[in-house]
Colleague: 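Following this message is one structure expressed as structure tokens.
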Amino acid sequence: MTSSTEQSKEQDSSLPLDMIIFGGMGDLAMRKLLPALYMAYLHGNLPGDTRILSTGRQDIDRGAYLKHIEDHSRSFIAQENFNDKTWDGFLQLLEYVKLDVQAAERFDTLEQASRKGAQRVFYLSTAPSLFTTICDKLAASGLVDDNARVVLEKPLGTDLASAIAINEDVGRYFSESQIYRIDHYLGKETVQNLMVLRFGNSILEPLWRAPNIASVQITVAEEVGVGSRAGFYDGAGAMRDMVQNHLLQLLCIVAMEPPTSLNADAVRDEKLKVLRSLRRFKLADIARDTVRGQYIHGVSGNQEVAGYLEEKNVPADSGTETFVALRAFVDTWRWSKVPFYLRTGKRMARRSSKIVIEFANPPFPLFHQNAGAVANRLVIELQPEEAIKLQLMAKQPGSGMETQQVSLNLDLQSAMPQRRAEAYERLLIDVVRGRLTHFMRRDELEAAWQWADPIIEGWQTLAEKPHPYAAGSWGPAESFALLARDGFSWVE
């Protein structure tokens, strides 16, 4: 295995591309991967000689597979982006390979379908328990060479031990520079823009530290429930599903030091330093600084919805959390004593992902402010809107000197109306072109689990049930108390 600092090579444009999707009949392939590849094809971002091979256990022919795509994938392409001629051209790239990963001794049918000398990208859209089996059989079938790449879909393990095992097994056949651990949040335009906001604007850098910043909030709220993912989700929970990956990656970009370049490992080195600087939780910290919640019956989207325990495939006595809020600290000079509040949950009031940088109030209160008022905030909206808002204090009209908060709003869509690629489209293009910057490195993944594992184990030791919260709300009351005791409040 080559060094983890090795950089992936750019795509050799002379090679044909075979994109091979394991789990090609699955939900992720239909909703995200194939629409993303269609958009890449529409905008000329796939090599001219590309084929997409989807594998599945179903005994169907290519015609039935294309019919399945028409029925289950086409609707996820926005109407303004759909073109009959382009769609027909895209379908010509697709092949179906019947393959039962667990039953097949070797992948001979796949070896016969893939072209000799092609650049192969293996997308493992399967349960992580199958990653080892797939990689073993790919290698045994002679499909893994120096040009091959493998994309690993989350969750990458359920704890540190399982993550290490996956990394070891995949690493037997693929060097670190060939492994793309995908986190679709890193493909979002606004998340990538956060790097430019931080390191491309000298006006912010002197303020981006303690004591100028009083607190940081990171919220990823989902309006939907667990839906068809209940079987998987009940064994994972919000901590494994969202906090350990998505929220920690956002925290890293907020807290990291300037990298020496935009080289993939230079960026990932700085993110790794943040993960290693995260203060570890002891049992008393877990009891005081974390909140677990589970949604109950309520109203979401103007209709009544069931509680988590009433969802299909959820055990009636499940203690799985659908909500997590916690207070974390990054123990570095830049962030000394600055609390980072992380929050995520399902069936919340609305879909919203945002980062809030709350600046410290002026040291001397020259102007009267209401109790708890904040002079300055930088609010970075990630979804559904993409916007950056700087909240300032201004004088109210009149003869007095009363103040009120106003916002300088940058609507990124209006300021830059160019088309924005969806996260999976952007990341798949990065894979094809050999760009590793927006993918997790092995040591990043393991450092994230080293921080998350003690929290999960502490919850098991405390054996407390998650706090109930009504579907359509902003989570349990305990999460508001978590901030209130420090003099802060969630920014909705």
Side-chain angles (χ1 to χ4, degrees), residues 32 153-156 182-195 215-227 229 232-233 236-255 271 274-275 278 289-295 300-301 308 320-328 339-358 377-389 422-424 427 438 440 448 451-452 455-456 466 469 471-476 478-480 482-483 488-492:
K32 295 294 185 181
E153 184 63 53
K154 81 172 188 75
L156 286 171
I182 196 165
D183 182 335
H184 72 272
Y185 260 72
L186 296 182
K188 292 181 180 292
E189 186 72 45
T190 324
V191 173
Q192 295 186 5
N193 199 32
L194 182 57
M195 291 275 290
S215 71
V216 177
Q217 295 180 27
I218 301 175
T219 292
V220 178
E222 299 179 280
E223 193 172 359
V224 298
V226 291
R229 296 179 71 229
F232 155 76
Y233 192 91
M239 187 68 181
R240 292 184 175 97
D241 189 47
M242 297 294 291
V243 178
Q244 178 271 335
N245 40 71
H246 299 329
L247 272 74
L248 283 191
Q249 286 294 306
L250 295 177
L251 183 151
C252 285
I253 298 175
V254 171
K271 288 163 61 185
V274 175
L275 291 168
L278 276 170
D289 290 340
T290 71
V291 176
R292 298 170 72 231
Q294 187 182 87
Y295 67 84
S300 178
Y308 179 72
T320 297
E321 78 280 355
T322 63
F323 174 97
V324 171
L326 57 84
R327 182 178 72 157
F340 283 73
Y341 299 104
L342 310 185
R343 173 177 63 162
T344 186
K346 291 191 174 295
R347 284 288 186 224
M348 296 184 72
R350 63 183 177 87
R351 176 173 173 253
S352 175
S353 295
K354 68 175 64 176
I355 298 168
V356 179
I357 310 298
E358 190 159 306
R377 282 193 185 112
L378 182 66
V379 181
I380 303 160
E381 300 272 4
L382 305 177
Q383 64 181 22
E385 302 87 8
E386 293 184 355
I388 299 171
K389 303 174 183 179
E422 291 291 331
Y424 272 101
L427 292 175
H438 300 117
M440 293 180 70
W451 177 81
I455 300 174
I456 297 171
Y469 65 97
S473 71
W474 282 109
E478 288 77 5
S479 74
F480 295 91
L482 178 68
L483 274 69
F488 301 112
S489 60
W490 292 110
V491 177
E492 311 298 6

Colleague: Between atom OH of Tyr469 and atom CE of Met348, what is the distance when rounded to the nearest 0.5 Å?
Modeller: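 Tyr469 OH to Met348 CE: 6.5 Å, rounded to 0.5 Å.
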Colleague: Quick one: closest heavy-atom pair of Ala328 and Leu278, and the distance?
Modeller: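 Between these two residues, the closest heavy atoms are CB-CD2, 4.4 Å.
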Colleague: Please name all residues satisfying side chain to side chain contact (heavy atoms under 4.5 Å, CB included) with Glu386, sequence neighbours left out, ordered by chain then number.
Modeller: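 Per chain and number, Glu386 pairs via side chain to side chain contact (heavy atoms under 4.5 Å, CB included) with Glu189, Thr190, Leu412, Arg420.
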Colleague: Does Arg292 reach the main-chain N or O of Val324 with its side chain, forming a donor-acceptor pair under 3.5 Å?
Modeller: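 Checking the backbone N and O of Val324 against the side chain of Arg292, no donor-acceptor pair under 3.5 Å is found.
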Colleague: For Trp490 and Ser479, work out which heavy atoms get closest and say how close.
Modeller: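 The answer is NE1-O, 3.1 Å.
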Colleague: Using ring pair (Phe, Tyr, Trp, His ring centres under 6.0 Å) as the criterion, list what pairs up with Trp451, not counting sequence neighbours.
Modeller: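 In terms of ring pair (Phe, Tyr, Trp, His ring centres under 6.0 Å), with neighbours along the sequence ignored, Trp451 is linked to Phe281.
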Colleague: Step by step, would you call Val491 with Thr219 a side-chain contact (heavy atoms from CB on, under 4.5 Å)?
Modeller: CA-CA 9 Å; Val491 177; Thr219 292; over 6 Å; no
Colleague: About how many Å separate CD1 of Ile218 and CD1 of Ile357, when rounded to the nearest 0.5 Å?
Modeller: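 So the CD1 of Ile357 and the CD1 of Ile218 are separated by 7.5 Å.
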Colleague: Rounded at 0.5 Å granularity, tell me how far CD in Glu153 sits from CG in Asp183.
Modeller: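 These two atoms lie 9.0 Å from each other.
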Colleague: In Å and rounded to the nearest 0.5 Å, what is the CG to NZ distance from Leu427 to Lys32?
Modeller: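 It comes to 11.5 Å.
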Colleague: Output all residues satisfying ring pair (Phe, Tyr, Trp, His ring centres under 6.0 Å) with Tyr233, sequence neighbours left out; order by chain, then residue number.
Modeller: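 Per chain and number, Tyr233 pairs via ring pair (Phe, Tyr, Trp, His ring centres under 6.0 Å) with no residue.
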Colleague: If you take all heavy atoms of Pro476 and Gly293, which pair is closest and at what distance?
Modeller: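 Reported closest heavy-atom pair: CG-CA, 4.3 Å.
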Colleague: Glu321 side chain to Met239 main-chain N or O, any donor-acceptor pair under 3.5 Å?
Modeller: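 Pair found, side chain donor or acceptor close to backbone of Met239.
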Colleague: Could you report the tightest heavy-atom contact between Pro384 and Ser352, atom names first, then the distance?
Modeller: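 It is CD-CA, 4.2 Å.
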Colleague: Look up atom CD1 in Ile456 and atom CD in Gln244, then write down how far apart they are to the nearest 0.5 Å.
Modeller: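 Answer rounded to 0.5 Å: 8.0 Å.
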Colleague: Can you sort out the partners of Asp289 under salt bridge (Lys or Arg N to Asp or Glu O under 4.0 Å), two or more places apart, ordered by chain and number?
Modeller: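 In terms of salt bridge (Lys or Arg N to Asp or Glu O under 4.0 Å), with neighbours along the sequence ignored, Asp289 is linked to Arg327, Arg485.
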Colleague: Determine the sole option in Val254, Ile253, Leu251, Leu248 for which the side-chain contact (heavy atoms from CB on, under 4.5 Å) test with Val274 is passed.
Modeller: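 The passing option is Leu251.
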Colleague: Check whether any side-chain heavy atom of Arg377 lies under 4.5 Å from a side-chain heavy atom of Lys389, and answer yes or no.
Modeller: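 In short, these two side chains do not touch, never coming nearer than 4.5 Å.
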Colleague: Name all residues meeting the side chain to side chain contact (heavy atoms under 4.5 Å, CB included) criterion together with Ala349; count only those two or more places apart in sequence or in a different chain, and write none if there are none.
Modeller: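 By the side chain to side chain contact (heavy atoms under 4.5 Å, CB included) rule, Ala349 matches Trp474.
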Colleague: If only side-chain N and O atoms count, and only distance matters, is there a donor-acceptor pair under 3.5 Å linking Lys354 with Gln217?
Modeller: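 Checked: Gln217/Lys354 side chains show no N/O donor-acceptor pair below 3.5 Å.
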Colleague: With no hydrogens and no angle check, is any side-chain donor or acceptor of Glu358 less than 3.5 Å from a backbone partner on Ser215?
Modeller: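 The answer is no, because no donor-acceptor pair under 3.5 Å joins these two groups.
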Colleague: Drop me the distance from Leu194's CG to Ile388's CD1, to the nearest 0.5 angstrom.
Modeller: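 It is 8.0 Å, given to the nearest 0.5 Å.
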Colleague: Under 4.0 Å between a Lys/Arg side-chain N and an Asp/Glu carboxylate O for Glu223 and Arg350?
Modeller: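 No salt bridge links Glu223 with Arg350.
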Colleague: Judged by atom type as modelled, is there a donor-acceptor pair below 3.5 Å linking the side chain of Gln294 to the main-chain atoms of Thr320?
Modeller: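 Side chain of Gln294 to backbone of Thr320, a donor-acceptor pair under 3.5 Å: yes, one is there.
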Colleague: Is it the case that Ser353 and Tyr185 place a side-chain donor and acceptor less than 3.5 Å from each other?
Modeller: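 Indeed, the side chains of Ser353 and Tyr185 share at least one donor-acceptor pair under 3.5 Å.
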Colleague: Short question: side chain of Thr322, backbone of Tyr295 - any donor-acceptor pair under 3.5 Å?
Modeller: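 Such a contact is found between Thr322 side chain and Tyr295 backbone.
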Colleague: Would Val220 and Leu250 satisfy side-chain contact (heavy atoms from CB on, under 4.5 Å), going step by step from the backbone distance to the final call?
Modeller: CA-CA 10 Å; Val220 178; Leu250 295 177; 4.1 Å; yes
Colleague: Under the salt bridge (Lys or Arg N to Asp or Glu O under 4.0 Å) test, which residues partner Lys154, sequence neighbours left out?
Modeller: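 Counting only residues at least two positions away or on another chain, Lys154 forms a salt bridge (Lys or Arg N to Asp or Glu O under 4.0 Å) with Asp241.
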Colleague: If you count the non-hydrogen atoms of other residues, nucleotides and ligands that lie under 6.0 Å from CD in Glu478, is the total more than 12?
Modeller: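 Yes, because the 6.0 Å sphere around CD of Glu478 holds more than 12 heavy atoms from other groups.
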Colleague: List the atom of Gly475, the atom of Phe480, and the distance in Å for their closest heavy-atom pair.
Modeller: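 Minimum heavy-atom separation between Gly475 and Phe480: O-CE1, 3.9 Å.
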Colleague: side-chain contact (heavy atoms from CB on, under 4.5 Å), that's the test. Do Val243 and Ile455 meet it? Break it down for me.
Modeller: CA-CA 11 Å; Val243 178; Ile455 300 174; over 6 Å; no
Colleague: Where does the angle between the aromatic ring planes of Tyr424 and His184 fall among parallel (under 30°), tilted (30 to 60°) and perpendicular (over 60°)?
Modeller: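 Correct class here is parallel.
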